[in-house]
Structure formats: C-alpha cells, structure tokens
Amino acid sequence: MKEKIFIKGGKRLVGSIPISGAKNSCLTLMPVALLSENSLVLHNVPFLSDVDTMKTLLESLGCSVVYGGSGKCISLKMGNEVSFLADYEIVKKMRASILVLGPLLARFGQAIVALPGGCAIGARPVNLHLMGLEALGARFTIENGYVKGKVSGSLKGCKIIFPFVSVGATANTIMAAVLAKGTTELINVAKEPEIIDLCQCLKSMGCNIEGAGENRIVIEGIKNLEKTTHKVVMDRIELGTYIIAGAISNGDIKLTGGNIALLENFIEKLNEVGVEVSQFEDHLRVRRINSSSINCTNIYTEPFPGFPTDLQAQMMALLSIADGVSNIEEQIFENRFMHVPELVRMGANIEIEGRKAKISGVDQLRGAPVKATDLRASVSLVLAGLVAEGDTVIDKIHHIDRGYEAIIQKLSSCGAMIERL
Ligand code: UD1
C-alpha cells in the first residue's frame, strides 16, 4: 500500500509520550533464541515492521516466535527442525538479519546467510563480523551473494582485537563466543546500551560475560543456555527523536520511561543549543530555555558514548532553524545525508562537502512534498514538518514504520496535526 504522512506544521507540542523498547536491542536479542533449546521471552518489545521481519527470518530457520500481551511480549523457542539458510528475500529487507550468523554457527556448526549488501546510508560491509567468527574457528566462503560458514568441531575461545568499533560485529561475536570452548577476549568492542542489554540477557541465561559497556569483554564459554525472561531496554534513539520534537515545536513535553543516562552527549548538545531536558523519577521533561530561539553548534557522530549517528538527521532538522551556522560531521557512515536535499526543499540552507554538512539557520521552514529515504532521514522530515509553515506530505513512509512505534498516535496525542493518508 502506498501510504503517506501528512503534517500541518506550526502546532506547539504539549503532552506526554511513552518511550518504547529499543528496536536495535530487540533485533539483537531475538537471534539469541537460536543459541538455546530453551525458551526466551522478551518484554517491552516495540511493534515495528523490522521486528516482524526478524520474526519471519527466525521462523524460516525453525524457531517458533509468538506474540503476546498486545505485541509487547514475544516468546521464542528453537524447534528440532533447523534450517541454516537465511534467504536473500528476507535479508535484503533488513541488515540486522546478519545477526543470525554467529548463533547458527555456534550452535549448529553451519550457516548460509545472504549478504545484506549496500543500503541507503552506505556500503555497510560485514568483514568485521566474519573476522570475529573466523577467529573463533568458523570458515567462510562467499558464493552467489551468500556467506557460507562452517565449523568443524566447535568454536574455540581466543583473543580478538577489532580494528574499529562495530555494534553488529560485537553482537555477533559475543553470541558465538558464549558457546565457544574456553575463554574469549574481545578488545575494541562497541559499548552501546544495546550491547549491554544483550549481555544482560545472555547472563540471565547462565553465560559468563564480563566487561559489557567497556572496551574489553571477556566471555567464558558454556554448553547450554537456560531459559529466561528479559525486558528490552528503552529506545534511546526514539527518546532523542521526541526530545527534538519537543524542542523544534517550542513545546513542553514529558517522555515517560525516558532516561537521560543513555544519551549524555546528545543531551549536552541540546543544552548547548538552548533546550532544557530535566530528569524526573519516571519521565523527562523537555522545554526550550529561550522560547524564541535555538543556538547553533558543531557536532560529529561517534560510537557510544559519543553523539549517535542515528540522531544526526533529527539534530540537523533542529539546527536548520537555529540562529547562526552549525556544522555536522558524519564519522560513522559515508552516505548519511540523504535527508539534506529533502530538508532543502523545505527551505533549509544546508551545504554538503563529503562527510561534512554546513547548516545556516533560517527563520522558517516551509511545508513541501518530500520523500523518505531511510529510517532516521524520514523522521527528520517529520520533525521539520512539525515546525514548517503549511503542509508537508512525506512519501515512502514504510521506512518510518521500521523503527517508530505508533508515531502518528504519539505525536498527535501532544497536539501535532499529523495523519496517515
Ligand atoms: C548498528 C545499528 C544502527 C546504527 C549503527 C551505528 C542495529 C540493528 N543497527 O548498525 O542503527 O546506525 O549500529 O551506531 O543495531 N563496518 C564495517 N565492517 C563491518 C561492520 C561495520 O566496515 O563488518 C562499518 C560500517 O560500514 C559503519 C561502521 O562500521 O561505517 C559502524 O557500523 P556498525 O556499528 O557495524 O553498525 P550496525 O551494527 O550495522
């Protein structure tokens, strides 16, 4: 179905928005079910098309995946009839599909997974995933667009130094190492809260993991993982997006379940541009310090705890109405400015040179028909539409449904004039 989002801009957002469980965490936790014959129950699961895609992929591998509790809970259990093939038709929809590779190899000694290929934000290779798994003893060939992996005997723990930080490669290697024989030491790993969430879930299944959230993780392999129930961590990227929604609309919103601690660098930048984010026991409150202006700033994206690449597009929407000139450098992905031409169509003044963008603030954005290109780029257009004069119509919104649960309901409950056409 060709759906669009319509926004009439200019409404000040006032109200309360609940923050969902993290998409990226959930997509990393679901493949954990492949590691065990016992069940894994996840709570606080966001209702998103990417979660559905992971469900379809796991089912195709022989895992039963059942929703309960109005979509907030999933129960996963690997069956006895296992397929080792992650088909291209599923993998091409979502890069996180590569996260089944480590678990399949660790538990069953074989896997055939389609290469995810490039995506809208860059080449996104999987060499670091393969490097980690190869060091543990897997052997790979690449044939006809598929990675074919085999393990003779079982994986063996070892020391792995990643040449640079990758969230996905860290997760894949951790999942494989929990079933490897002996000790695995991982250096230069991702410290993202989603990696900590993965390790907490694995620990509750009996795994021995130390150092989650630090530069070095040490894992002592075990033979079997127990059953567990785990609550998915809050979605810090969704939280950051709604913080910007409050700021850009000059609103006053509460974000329930929001936790500043997972977004420190981002919050510092918001304070710098004139947005106050206060932490209360069970929510955050967002308001501008000076209602008539946003200050300019300079940002570069980095692995956690630096400024997240997944909030770069949203921050650019906010800076496009700031006083003065801001600069953003995208250091994680080589092609993550797809939102720029669309923001420019809405009246923003942004120039790109390589991985750098110069944003000269304008007094007013204007509504326009625009096209969503990837998940975070699309939501930056929603944010721009909230403050633009007139009507914005966003095409290709399936990108938004991949990662923002009930976005129309959440924003309209705070007074935004937004609907799905
Ligand atoms: C995860 C997140 C994504 C986020 C990204 C960076 C999930 C499902 N997705 O993606 O939302 O934007 O972290 O915070 O959690 N790279 C290689 N070789 C590899 C792997 C990565 O060169 O084998 C490069 C990538 O091209 C990129 C950089 O490393 O330039 C970081 O990517 P990575 O951290 O792996 O991102 P993902 O895990 O794919």
Side-chain angles (χ1 to χ4, degrees), residues 21-32 46 48-51 53-54 57 91 93-102 113 115-135 138 140 142 147 149 160 162-176 186 188-199 232-233 235-241 262-263 265-266 300-315 329-339 355 374-380 399-400 402-404:
K23 169 187 84 87
N24 285 351
S25 210
C26 196
L27 296 179
T28 310
L29 288 163
M30 290 170 74
V32 165
L48 297 167
S49 63
D50 268 8
V51 173
T53 304
M54 185 57 87
L57 175 59
V91 174
K93 292 188 188 165
M94 188 183 68
R95 225 191 107 73
S97 305
I98 193 73
L99 294 172
V100 302
L101 184 61
V113 179
L115 282 167
C119 70
I121 62 176
R124 299 185 86 172
V126 293
N127 57 314
L128 299 174
H129 297 246
L130 302 189
M131 188 203 112
L133 299 170
E134 243 169 7
F140 294 104
I142 311 271
V147 181
I160 304 170
F162 288 101
F164 59 87
V165 177
S166 157
V167 179
T170 300
N172 235 335
T173 315
I174 290 173
M175 286 190 279
L186 305 175
N188 200 23
V189 290
K191 306 185 189 88
E192 268 67 1
E194 295 75 24
I195 293 291
I196 299 178
D197 205 27
L198 168 67
C199 292
V232 178
V233 69
D235 196 321
R236 65 197 166 97
I237 306 301
E238 189 198 28
L239 175 67
T241 303
L262 302 190
L263 274 179
N265 181 298
F266 170 80
Y300 49 94
T301 61
E302 282 183 303
F304 190 85
F307 192 98
T309 174
D310 283 355
L311 285 169
Q312 177 258 107
Q314 300 89 313
M315 191 69 180
E329 184 169 350
E330 172 55 56
Q331 300 197 113
I332 306 289
F333 293 110
E334 70 272 26
N335 185 22
R336 207 171 195 180
F337 285 144
M338 305 283 282
H339 43 289
R355 289 182 177 218
D374 72 62
L375 173 57
R376 309 303 172 187
S378 330
V379 87
S380 78
H399 291 290
I400 298 185
R402 290 185 49 199
Y404 286 93

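Just so you know, ligand 1 is whichever comes first in the structure, and atom 1 is the first atom listed for that ligand.
The R336 neighbourhood of ligand 1 comprises atoms 12 (O), with distances under 4.0 Å to a heavy atom of that residue. For ligand 1, the atoms closer than 4.0 angstrom to any heavy atom of T309 are 6 (C), 12 (O), 14 (O). Atoms of ligand 1 found under 4.0 Å from any heavy atom of G168 (numbered from 1 in listed order, with element): 35 (O), 38 (O).
For ligand 1, the polar-atom distance check finds no N/O of F164 at less than 3.5 Å from any of the ligand's N/O atoms. Considering backbone and side-chain atoms alike, E334 places every N or O at 3.5 Å or more from each N or O of ligand 1. Not a single N or O atom of A96, backbone or side chain, sits closer than 3.5 Å to an N or O atom of ligand 1. Polar contact check, V167 against ligand 1: a nitrogen or oxygen pair lies under 3.5 Å apart. Between E192 and ligand 1, a contact under 3.5 Å exists for no N or O pair. In terms of polar-atom proximity, N127 is counted as a contact of ligand 1, with an N or O under 3.5 Å from an N or O of the ligand.
Inter-residue side-chain proximity for V126 and I142 is flagged as unmet; no heavy-atom pair is nearer than 4.5 Å. The shortest distance between side-chain heavy atoms of K93 and L57 does not fall below 4.5 Å. No side-chain heavy atom of P163 sits less than 4.5 Å from a side-chain heavy atom of N188.
Heavy-atom minimum distance, A171 versus T28: CB-CG2, 3.6 Å. The shortest non-hydrogen separation linking C26 to V232 is N-CG1, 4.1 Å. Contact record, R336 with Q312: O-NE2, 3.1 Å, taken as the closest heavy-atom pair. Shortest non-hydrogen contact noted between D197 and S25 is OD2-OG, 2.7 Å.
A distance-only check finds no donor-acceptor pair linking the side chain of E192 to the backbone of I195 [under 3.5 Å]. Q331 contributes a side-chain N or O that, together with a main-chain N or O of T301, makes up a donor-acceptor pair within less than 3.5 Å.
Heavy atoms of D310 found under 4.0 angstrom from ligand 1 belong exclusively to the side chain. Under 4.0 Å from ligand 1, heavy atoms of I332 appear from its side chain as well as its backbone. Residue contacts with ligand 1 for R95 involve side-chain atoms from C-beta outward but no N, CA, C or O (heavy atoms, distance under 4.0 Å).
A169 does not count as a contact of ligand 1, since none of its heavy atoms falls under 4.0 Å from the ligand. The shell of residues lying under 4.0 angstrom from ligand 1, judged by heavy atoms, excludes E194.
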